[in-house]
**Q** 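Just passing along the structure, written as structure tokens.
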Amino acid sequence: MRTLLKGGGVVSGRGVRRADVLIDGEKIVQVGRGLSAAGENVVDVSGMLLFPGFIDAHTHFDLDVANTTTADDFTSGSRAAIRGGTTTVIDFACPNKGESLQYGLDLWHKKADGRAFCDYGFHMTIDDWNPSVEAELPAMFAQGISSFKMYLTYPAMMIGDGAIYSALKALRRLGGICGFHCENAGVIDAMIAEKKAAGELSPASHPQTRPPYLEAEAVSRLLRIAQAADSPVIIVHLTNRQALEEAESARKRGQKVYVETCPQYLVLDDSVYFNEDFSAAARYVCAPPIRAKEEQTYLWRGLKRGLIQTVSTDHCAFTLEQKEVGRGDFTKIPGGLPGVEARG
Ligand SMILES: [Zn+2]
């Protein structure tokens with residue numbers, strides 16, 4: 001059955017133009033003015049805008065984390081994506097430390113295959129680095145995994161500067177690329193210990209223990225490691241001016257750096273954490289945290305000037321009941337926000 005969308009405004013990288021769109025099965029076969037409606041299933045879309053399907057390159061569906069599992073699996077998450085106009089998501093296959101990459105990839109196929117309403121692909125987390133993980137890399141590429149993620153924070157995930165350097169070199173040889181969660185680990189842990197000692201355990205302590213400059217420090221360090229490895233990198237969920245300046249400095253010395261930010265950093269500010277009502281504040285706990293209002297200006301400007309290349313959501317949803325476990329200790333609040341539906 002062919003479907004003809006008639007009378008809409010087609011949005012592309014070159015702007016909006018009036019055109020009809022003819023679809024055969026899942027394929028757009030013709031775009032143009034006054035296409036013949038004979039024999040087609042015609043849908044009148046006059047006055048509406050027709051966008052290409054959006055891609056959300058950063059989601060976490062059905063992820064076991066913080067002693068719980070994210071509220072959205074591939075069924076509910078992909079349904080939300082479609083509602084917002086996103087037709088492809090790229091989720092993160094996450095083997096735990098000690099598990100093989102193949103185990104992680106098989107597990108993610110089990111979670112996603114036959115359960116998703118939209119198209120999907122996977123990046124893969126590297127949270128362990130040793131000869132057997134390195135030996136598995138070519139097999140991952142053969143199965144379609146060419147983008148990876150590493151962490152500069154979280155003891156369960158981080159692999160250390162030396163391992164990042166070696167992993168980047170290995171990925172470069174294979175033509176892959178890696179995204180990085182950039183926050184300083186040690187100082188953040190020390191600041192958390194201070195808050196705990198002072199009995200300041202509400203969500204308000206969350207942004208105070210993860211300041212923007214400790215994100216910028218990790219971005220700076222990562223980019224120097226990438227310089228040593230002569231490798232392009234992606235900074236995921238970048239939140240602030242100082243971190244963006246580090247990316248710009250690296251570009252000025254000739255490095256290839258891609259930057260992603262997320263809607264929560266573009267439209268929300270850190271006043272969300274200073275709500276007396278625990279639930280109201282805890283729902284916004286994510287890392288890096290939502291920043292002070294003035295940072296939004298720099299992110300929007302960065303997008304406009306092409307210093308930031310992608311807006312993905314880092315969709316990682318938890319119910320308010322799940323967030324409850326952190327009442328009395330902000331470090332136990334499962335970190336993450338939904339976004340895959342709202343972004344479109
Ligand atoms: Zn993420």
Side-chain angles (χ1 to χ4, degrees), residues 54-74 76-78 80-81 84 86 88-97 104-105 107-108 111-112 120-128 145 147-159 164 177-185 188 206-207 210 214-215 218-219 222 233-240 243 258-268 283-291 299 308-318 322-323 333-343:
F54 297 123
I55 300 167
D56 189 341
H58 190 156
T59 65
H60 299 283
F61 297 156
D62 204 354
L63 174 66
D64 294 330
V65 66
N67 300 315
T68 186
T69 305
T70 54
D72 277 321
D73 60 11
F74 274 84
S76 64
S78 62
T86 291
T88 304
V89 298
I90 311 179
D91 204 85
F92 289 84
C94 298
N96 293 310
K97 269 192 204 289
L105 182 57
L107 182 61
W108 249 258
K111 291 169 190 268
Y120 58 89
F122 303 132
H123 311 286
M124 175 164 278
T125 305
I126 295 177
D127 51 20
D128 227 353
I145 308 298
S147 50
F148 296 80
K149 183 176 178 189
M150 297 183 228
Y151 289 77
L152 279 82
T153 192
Y154 300 137
M157 317 292 276
M158 54 199 274
I159 58 173
I164 289 174
I177 193 158
C178 192
F180 286 84
H181 179 130
C182 293
E183 283 185 293
N184 178 290
I188 287 174
H206 175 68
R210 313 184 86 91
L214 289 183
E215 179 185 340
V219 169
L222 167 73
V233 287
I234 307 168
I235 314 292
V236 297
H237 48 50
L238 180 135
T239 70
N240 69 87
Y258 300 97
V259 173
E260 169 199 90
T261 192
C262 311
Q264 54 270 34
Y265 305 118
L266 289 163
V267 301
L268 299 175
R283 67 196 303 163
Y284 294 105
V285 166
C286 59
I290 291 161
R291 301 300 189 189
L299 297 180
I308 298 175
Q309 285 71 40
T310 50
V311 178
S312 305
T313 64
D314 199 7
H315 181 98
C316 190
F318 298 99
Q322 289 176 294
K323 295 265 182 181
I333 301 169
L337 294 180
V340 76
E341 178 176 345
R343 184 195 67 148

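Atoms within a ligand are numbered from 1 in the order they appear, just like the ligands themselves. Computed from a predicted structure; not experimentally measured.
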**Q** Does some side-chain heavy atom of Thr153 sit less than 4.5 Å from a side-chain heavy atom of His181?
**A**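 Result yes, sub-4.5 Å side-chain heavy-atom pair found.
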
**Q** Under 3.5 Å, is there a donor-acceptor pair between the His315 and Thr59 side chains?
**A**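 No pair is found: no donor N or O on one side chain lies under 3.5 Å from an acceptor on the other.
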
**Q** Ignoring hydrogens and angles, state whether a donor on the side chain of Arg291 or Thr239 is under 3.5 Å from an acceptor on the partner side chain.
**A** yes

**Q** Please report the shortest heavy-atom distance between Ile188 and Arg210, naming the atom on each side.
**A** CG2-NH1, 3.8 Å

**Q** Of Val285, Asp314, Thr313, Ile290, which is the lone residue that meets side chain to side chain contact (heavy atoms under 4.5 Å, CB included) with Leu337?
**A** Ile290

**Q** Taking all heavy atoms of Glu215 and all of His237, pick out the closest pair and write down the distance.
**A** OE2-O, 3.9 Å

**Q** Let's test this: below 2.8 Å, count the protein N/O/S atoms around the Zn ion (ligand 1).
**A** 3

